[in-house]
Amino acid sequence: MAEVSSNVLNNKYSKKKMFELLGIFIVTAIVWNLPVGTFGIDGLTVIQQRVIAIFVFATLSWLTECIPSWATSLSIITTMCLTISNNSLAFFKGEENETFGTLLKSKEIMAAFADPVIMLFLGGFILAIAATKSGLDVLLAKNLIRPFGNKSENVLLGFLLITGLFSMFVSNTATAAMMLTFLTPVFAALPASGKGRIALTMSIPVAANIGGMGTPIGTPPNAIALKVLNDEAGLNMGLGFGQWMAIMFPLTILILLLSWRIILKFYPFTQKTIELKIDGKIHHGWRMWVVCLTFIVTILLWVVPKEYTGIDANTVAMVPMGVFAITGVITARDLKEIDWAVIWMVAGGFALGLGMNGSGLAAAAIKSIPFGEWSPMVILLASGLLCYFLSNFISNTATAALLVPILAVVCKGMGDRLDTIGGTPTVLIGIALAASSAMCLPISTPPNAIAYSTGLVEQKDMLRVGITVGILTMVLGYTMLYFVGQMGIL
């Protein structure tokens with residue numbers, strides 16, 4: 001009977017998604033075929049109108065999640081290649097002029113998947129896989145947690161800081177899953193009626209989400225913002241891995257410490273001490289040494305400014321890939337463990353940005369919309385709050401992929417007026433920060449979903465902690481970005 005009910009629910013869910021997708025296709029088709037004058041953008045071309053329609057499709061698909069987020073990104077790249085590139089289907093091609101516009105190069109659209117920032121992410125994934133295979137993650141967890149002793153409150157702090165540290169270099173989803181596994185024997189030692197289990201369980205998603213802010217590879221929204229900030233054809237700021245960490249790492253540690261006190265306030269321990277034992281297989285031998293040395297060298301190369309090494313963070317990411325491939329630490333089978341869905345998500349965002357800029361839509365919008373008359377503070381606060389709200393309900397990567405290209409256009413249109421809030425970096429890095437701050441619901445982030453699946457926390461627990469930590473992160477983060485921008489550090 002239960003199986004029948006489940007099938008009925010699945011069928012209803014599938015029909016709902018199907019109708020949502022059909023509705024999105026209809027809306028996209030309408031936008032695609034509207035009279036050009038409808039948009040109120042002077043000189044809008046056919047190509048630019050198609051980009052708007054593709055953007056509408058992406059927005060609605062990511063919001064409703066009627067198809068997987070990675071599938072939306074893949075469809076963006078496919079549709080752009082087939083309809084607005086020099087290798088489009090014959091039906092969609094036309095004579096390039098002021099009315100039709102200029103077709104994009106298909107190889108540039110496809111290159112979104114091989115962007116240097118994508119290599120940065122792949123390097124992070126490879127490091128994570130190597131750490132797991134060698135047992136380096138277990139070794140680090142054992143040794144890092146030891147200094148915190150066995151006092152319950154200190155053990156909670158240990159898990160917050162270690163999870164946050166891991167999440168700076170390893171997928172926050174993988175980090176959350178690993179750390180919750182380490183907590184299993186701890187739960188057995190705590191009273192079932194106490195709040196200690198809730199406190200420890202909540203510490204993992206909170207730390208995994210916040211920790212991702214610390215480095216450019218910590219979470220996809222960081223990479224999306226960094227891509228726009230460093231684009232040679234755009235802002236060309238040359239913001240390096242070390243510069244990002246110099247700004248965001250102290251903020252991350254501060255928020256983790258404050259989160260510790262917040263969680264303890266809501267869920268105090270009744271048992272004052274915990275006997276902690278972390279089990280896991282550690283592989284000794286030359287491969288472990290290869291992984292350890294490669295980790296150290298890679299992180300050092302990331303942190304040391306490019307002026308001294310001569311190579312940027314994206315190129316450094318190739319080091320672990322090359323070393324682990326040559327030494328056999330990583331095999332072809334291991335490549336299947338890479339989160340390709342995230343890679344496609346990021347690539348789709350890059351492709352959208354390329355479409356807006358390459359087609360001239362961004363420039364046309366700047367001329368037609370009086371961005372320069374808008375208040376910089378309104379732009380900053382509205383964009384952050386919108387990102388925070390959306391990221392609680394849809395993928396934070398999808399949210400950043402939607403908002404960053406738009407805000408890049410807005411910021412360009414405002415020119416020097418943004419100097420009063422620290423410039424364009426304040427707005428774009430603010431989006432990455434707001435995306436990481438969103439952790440109110442089980443669906444907000446994968447770490448939240450993993451923690452919720454344990455059955456040890458309820459939605460009200462996640463809402464209480466998530467809102468408090470999220471708002472605190474937004475306030476502290478935007479205040480810090482404002483002053484950093486004012487001092488000209490970025």
Are P216 and W302 close enough that some pair of their side-chain heavy atoms sits under 4.5 Å apart? no

For V457, does its backbone N or O pair with a side-chain atom of D461 as donor and acceptor, under 3.5 Å? no

Decide yes or no on side chain to side chain contact (heavy atoms under 4.5 Å, CB included) for C440 and M462, but give the supporting numbers first. CA-CA 6 Å; C440 294; M462 204 159 275; over 6 Å; no

For N154 and F148 the tightest heavy-atom approach is CB-O, 3.2 Å

Nearest 0.5 Å, what's the CG-CD1 distance between L481 and I421? 10.0 Å

Are the side chains of S437 and L433 in contact, using a 4.5 Å heavy-atom criterion? yes

Honestly, is K227 close enough over F350, meaning NZ or CZ under 6.0 Å from the six-membered ring centre and within 45° of the axis? yes

Between N209 and T445, is a side-chain hydrogen bond (donor to acceptor under 3.5 Å, both in side chains) present by the stated rule, with each step listed? CA-CA 8 Å; N209 293 325; T445 67; 3.2 Å; yes

Distance-minimising heavy-atom pair for P250 and M245: CD-O, 3.5 Å

Does the side chain to side chain contact (heavy atoms under 4.5 Å, CB included) test come out yes or no for L418 and T426, once each step is laid out? CA-CA 9 Å; L418 281 177; T426 305; over 6 Å; no

Work out which heavy atom in G349 is nearest to a heavy atom in P405; give both atom names and the distance. O-CG, 4.4 Å

Could you report the tightest heavy-atom contact between A341 and W70, atom names first, then the distance? O-CB, 3.5 Å

I'd like to know if the side chain of W62 and the backbone of S69 have a donor-acceptor N/O pair within less than 3.5 Å. yes

Spatial distance of atom OG1 (T399) from atom CZ (F389) [nearest 0.5 Å]: 10.5 Å

Any donor-acceptor pair under 3.5 Å linking the side chain of T315 with the backbone of I311? no

Using atom types as modelled and distance alone, determine if a side-chain donor or acceptor of T79 lies under 3.5 Å from a backbone N or O of I76. no

Please tell me if the side chains of L335 and I126 come closer than 4.5 Å, counting only heavy atoms from C-beta onward. yes

Expected output: side-chain Q243 to main-chain G240 donor-acceptor under 3.5 Å: yes

Donor-acceptor pair, side chain of T420 and main chain of R417, under 3.5 angstrom: yes

Expected output: side-chain D115 to main-chain A111 donor-acceptor under 3.5 Å: no

Would you give the length of the straight line joining atom OG of S134 to atom CZ of F295, rounded to the nearest 0.5 angstrom? 7.5 Å

Between OG on residue S436 and CD1 on residue I255, distance to nearest 0.5 Å: 9.5 Å

Might you work through the side-chain hydrogen bond (donor to acceptor under 3.5 Å, both in side chains) test for T175 and N172, ending with a clear yes or no? CA-CA 5 Å; T175 299; N172 59 10; over 6 Å; no

Side chain to side chain contact (heavy atoms under 4.5 Å, CB included) between W340 and L122: does it pass, once the steps are laid out? CA-CA 9 Å; W340 294 105; L122 282 173; 3.9 Å; yes

If we only count heavy atoms from C-beta on, is the I429 to L239 side-chain gap below 4.5 Å? yes

How about CE on M318, more than 12 heavy atoms from neighbouring residues, nucleotides or ligands closer than 6.0 Å, or not? no

Would you call N222 and T215 a side-chain contact if the rule is heavy atoms closer than 4.5 Å? no

Do C66 and I24 make a side-chain contact, defined as non-hydrogen atoms from C-beta onward lying under 4.5 Å apart? yes

Just wondering, more than 12 heavy atoms not from W260 lying within 6.0 Å of its CH2? yes

Which atom names give the shortest non-hydrogen contact between E458 and Y452, and what distance separates them? C-CE1, 4.0 Å

Quick one: CG on L104 to SG on C81, what's the gap to the nearest 0.5 Å? 9.5 Å

Can any side-chain N or O of Y388 pair as donor or acceptor with the backbone N or O of A435 at less than 3.5 Å? no

Begin from the C-alpha positions of V291 and T294 and carry the test side chain to side chain contact (heavy atoms under 4.5 Å, CB included) through to its verdict. CA-CA 5 Å; V291 174; T294 305; 5.9 Å; no

Between Q48 and I52, is any pair of side-chain heavy atoms under 4.5 Å apart? no

Using every non-hydrogen atom in the two residues, find where A199 and L156 come nearest and quote the distance to one decimal. O-CD1, 3.5 Å

How many angstroms lie between CZ in F249 and CG in L165, if you round to the nearest 0.5 Å? 7.0 Å

Mark yes or no for whether E153, through its side chain, and R261, through its backbone, hold a donor-acceptor pair below 3.5 Å. no

Tell me if a side-chain donor or acceptor on S391 pairs with a main-chain N or O of N396 at a distance below 3.5 Å. no

Any side-chain heavy atom of V465 within less than 4.5 Å of one from M439? no

